[in-house]
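Here's the structure we're looking at; comments come further down.
Position 1 is the first residue of the sequence, and the numbers go up from there.
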Amino acid sequence: MSTQVRAVSRQSAAGPAPALTPLFVRLKLSLLKNGLRQSAGRTAAYIASIVVTLLIAAGLLLGLILLRGVPGAPTVAVLLTALVALGWAAMPLFFPSGDETLDPTRLVMLPLRPRPMIIALLVASLIGTGPVFTLVLAAGSVIAVAHGAAAALVGVVATVLVLLVCAALARAIATANVRLLTSRRGRDLAVLSGLFVAVGAQGINLGASKLSEAQSLTVLEPVSDVLRWIPPASAVDAVAATSEGAYGRAALGLALTALALVLLVWWWLRTLTRVMTSPDSSTLQAAETDSGRKRADKAGGGWSRLLPGGRTGTVMQRTLRYAWRDPKTKMGWASGLGVGLLVPLVSVVQGNGSVYTACWAAGLLGMQMYNQFGQDTSAFWMVASTISTRRDAYVELRGRALALCLVAVPYVSLVVVGAAALLDSWGEFPEAYGLALALLGALIATGAFASVFFPYSVPSEGNKNVAPGQAGLAWISILGGMVVGAVLCAPLVGLTVGLHVAGLNGLLWLVLPTGVAYGVGVAFLGLWLSARHVLRRLPEILVAVSRG
């Protein structure tokens with residue numbers, strides 16, 4: 001990109017600047033080409049992604065063509081167009097590093113005006129697998145609903161409008177949020193994108209299951225009736241309206257999409273002008289905010305004053321701050337919280353729910369106790385320098401476990417109560433709640449043990465959660481700990497099953513206090529036994545966690 005920048009600067013100094021659109025197209029092609037030259041693996045991955053994208057696009061195109069003439073074809077075409085537009089809107093927020101040309105701050109030092117840049121950037125954004133996929137899908141949607149020469153002509157216009165609106169939407173959102181996306185919070189949002197993808201996948205799964213049960217596309221018509229008036233889906237509906245002879249609705253649908261394109265370009269122009277002409281004060285604001293936080297912490301204010309004193313409170317505060325500030329630690333916590341709530345909710349919606357599914361929340365949050373020292377990466381040596389006795393090791397592990405319980409216990413309680421309320425299964429609430437708390441305690445115990453005996457490094461850069469060569473340690477730590485944790489819960493499971501088999505349903509409430517006592521006892525026993533080996537294994541732990 002620096003070569004292109006110097007070329008533009010020399011042209012500006014020597015005479016009239018060249019046309020921006022061809023220059024930005026060449027810039028986009030150069031970025032793609034240079035990215036492929038970095039390594040053979042990246043080239044293979046990019047080619048594989050192109051092949052997969054084209055195969056999916058071809059399958060969707062074939063499916064839409066086969067829908068031609070089916071009564072529900074307009075409904076499917078409108079919904080797919082709206083879904084693709086939503087993907088274009090979310091792409092720059094969740095994957096800001098996917099396209100380097102989405103960042104206009106790279107061009108602020110060049111002698112360029114915003115208006116010519118809008119056209120050049122919009123044309124350049126039409127290069128890539130995403131625009132090709134969108135173009136194929138829009139064309140397939142038009143083919144599915146177009147009948148007659150007039151509809152085919154409107155379909156050509158609609159296809160172009162859909163593609164332009166999607167590209168302008170992504171550009172406008174990226175430019176409006178460029179300060180956020182290039183900050184630490186923006187990178188945190190990108191890391192958390194996996195959670196949103198998982199939630200979205202469950203939503204699509206639920207929708208597909210409901211659709212298969214209905215065995216008809218008419219169940220989607222209420223949603224389609226709303227989305228048909230929202231651009232760019234309104235352009236596809238205009239094609240269907242033309243086929244039906246409703247020319248007034250067709251003209252309105254095209255006009256709405258064209259108006260949306262104009263408004264998006266106008267918004268994009270305003271935000272681009274502001275980005276290129278106004279100073280970035282986010283750093284100063286962040287510095288002032290951090291200074292205020294530091295002063296509050298030094299004064300003993302904020303949530304930290306609610307924690308116990310001494311080393312225990314310090315360890316808890318450090319653990320909670322890692323969970324809030326470190327992107328990968330935050331991803332683990334967010335996944336546990338999100339999926340732990342999603343699994344019971346999905347089971348309830350699907351009609352096969354059980355209060356016992358709330359144990360997923362306890363299990364996924366209990367997994368956050370694993371690899372405690374590896375989460376500190378190379379900074380663990382500072383913690384290790386403060387551990388000189390078995391008591392220090394025990395307090396360190398206990399503080400980390402208490403920080404986890406500070407979030408996990410209320411959260412598990414909320415999930416179990418919510419599941420019991422939704423299913424109206426309050427009779428099973430005590431035993432499910434007791435089992436969930438016992439499972440949480442067992443995983444805390446095995447997590448502390450695995451952290452001491454099977455530590456592994458978490459690379460600070462990139463998307464990998466395990467350093468090269470340590471995947472075996474990670475699998476032993478996680479899978480082995482899960483198996484041992486399940487075995488540790490066997491006595492409480494046996495008590496619950498025995499009471500059911502014996503018909504002593506009136507005594508099932510005993511599972512709750514027994515589960516609380518058992519979970520607390522197993523957790524503290526695991527912490528105490530693990531702390532006995534920390535001093536002996538401290539050199540191995542330091543070497544293992546510092547590899548990333």
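Contacts classified as salt bridge (Lys or Arg N to Asp or Glu O under 4.0 Å) and involving residues 481-494 (residues at least two apart or in different chains) are not found. Applying the side-chain hydrogen bond (donor to acceptor under 3.5 Å, both in side chains) definition to pairs two or more places apart or across chains, those involving residues 411-423 are Ser413-Tyr433. Residue pairs meeting the side-chain hydrogen bond (donor to acceptor under 3.5 Å, both in side chains) criterion with at least one partner in residues 527-543, sequence neighbours excluded, are His533-Arg536. Judged as a side-chain hydrogen bond (donor to acceptor under 3.5 Å, both in side chains), the pairs with a partner in residues 223-232 (not counting sequence neighbours) are, in order, Asp225-Arg228. Here ring-ring contact (aromatic ring centres under 6.0 Å, His included) pairs that include residues 366-409, with residues two or more places apart or in two chains, are Phe373-Phe380. Applying the salt bridge (Lys or Arg N to Asp or Glu O under 4.0 Å) test to pairs two or more places apart or on separate chains, those with a residue in residues 370-385 are Asp376-Arg400.
Legend: residues meeting side chain to side chain donor-acceptor pair (under 3.5 Å) with Ser141, ordered by chain and number and at least two apart, are absent. Under the rule for a ring-ring contact (aromatic ring centres under 6.0 Å, His included), Trp509 has no partner lying at least two apart in sequence or in another chain. With sequence neighbours left out, Arg311 forms a salt bridge (Lys or Arg N to Asp or Glu O under 4.0 Å) with Glu396. For Thr53, there are no side chain to side chain donor-acceptor pair (under 3.5 Å) partners, not counting sequence neighbours. Judged as a side chain to side chain contact (heavy atoms under 4.5 Å, CB included), and not counting sequence neighbours, the contacts of Ile230 are Leu227.
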Between side-chain atoms of residues 480-505 and protein atoms elsewhere (two or more places apart, or another chain), which donor-acceptor pairs fall under 3.5 Å?
unit_1: Thr496; atom_1: OG1; unit_2: Leu492; atom_2: O; d: 3.0
unit_1: His500; atom_1: NE2; unit_2: Glu431; atom_2: OE1; d: 2.8

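Counted by atom type alone, Asp392 and Thr389 present one or more donor-acceptor pairs between their side chains at under 3.5 Å.
The heavy-atom pair separating Ser451 from Asn371 by the smallest distance is OG-N, 3.0 Å.
A donor-acceptor contact shorter than 3.5 Å is absent between the side chain of Ser425 and the backbone of Ala421.
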